[in-house]
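In what follows, a single structure is set out as structure tokens and then discussed.
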Amino acid sequence: MRHEQLAELLALFALGIPEVEGLDYVRAHLAKGCASCELELREMDDILRELALTPEPLEAPEQVRSRLLARIPGVAGKREAGVR
Ligand SMILES: [Zn+2]
């Protein structure tokens, strides 16, 4: 699996979406101690926490998801048209 794909999975991992294929791989990868993925995950966690703390109504999960994905180099943009 390419590292960019992994970063994408990290976003889903951060969102706590359990039924996505490949999360086991992400977990294993993190367990191996990949510093950049760990940092990425931490930043995503921060974003999610910020969102949770905002007094405004929480954004739709889909928006949160694309915002997270937009932070990932190489994923931003090309994801918009596809998948959904
Ligand atoms: Zn990594």
Side-chain angles (χ1 to χ4, degrees):
M1 189 180 290
R2 284 171 30 232
H3 214 215
E4 296 155 28
Q5 278 177 288
L6 237 166
E8 189 176 326
L9 284 170
L10 270 178
L12 302 176
F13 186 78
L15 285 170
I17 300 171
E19 71 272 22
V20 178
E21 252 181 80
L23 284 193
D24 283 346
Y25 187 90
V26 174
R27 261 183 222 111
H29 182 76
L30 287 170
K32 269 187 260 170
C34 176
S36 70
C37 284
E38 208 183 297
L39 184 71
E40 196 69 50
L41 185 63
R42 204 163 304 158
E43 284 178 12
M44 288 173 186
D45 260 353
D46 286 346
I47 295 175
L48 290 175
R49 210 155 300 151
E50 270 176 46
L51 286 172
L53 292 175
T54 16
E56 297 151 33
L58 208 59
E59 289 175 73
E62 195 55 40
Q63 284 173 285
V64 177
R65 186 172 171 277
S66 40
R67 183 184 286 197
L68 283 177
L69 290 178
R71 291 182 49 84
I72 304 165
V75 175
K78 81 179 166 200
R79 197 67 189 188
E80 300 297 315
V83 176
R84 197 160 270 266

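Note that these values count all heavy atoms, side chains included, but never hydrogens, waters or copies made by symmetry. Everything quoted here is computed from the prediction, not taken from an experiment. Atoms within each ligand, like the ligands themselves, are counted from 1 in listed order.
If you look at the Zn ion (ligand 1), the protein N, O or S atoms less than 2.8 Å from it are H3 NE2, H29 NE2, C34 SG, C37 SG.
Residues R65 and L12 are in side-chain contact: their nearest non-hydrogen atoms beyond the backbone lie under 4.5 Å apart.
Closest approach of A11 to L69, counting heavy atoms only: CB-CD2, 3.8 Å.
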What side-chain donor-acceptor pairs closer than 3.5 Å can you find for residues 35-53, not counting sequence neighbours?
from: E38; atom 1: OE2; to: R42; atom 2: NH2; distance (Å): 2.7
from: E43; atom 1: OE1; to: R71; atom 2: NH2; distance (Å): 2.6

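Evaluated for a side chain to side chain contact (heavy atoms under 4.5 Å, CB included) with Y25, the options L6, L9, L30 yield exactly one hit, L6.
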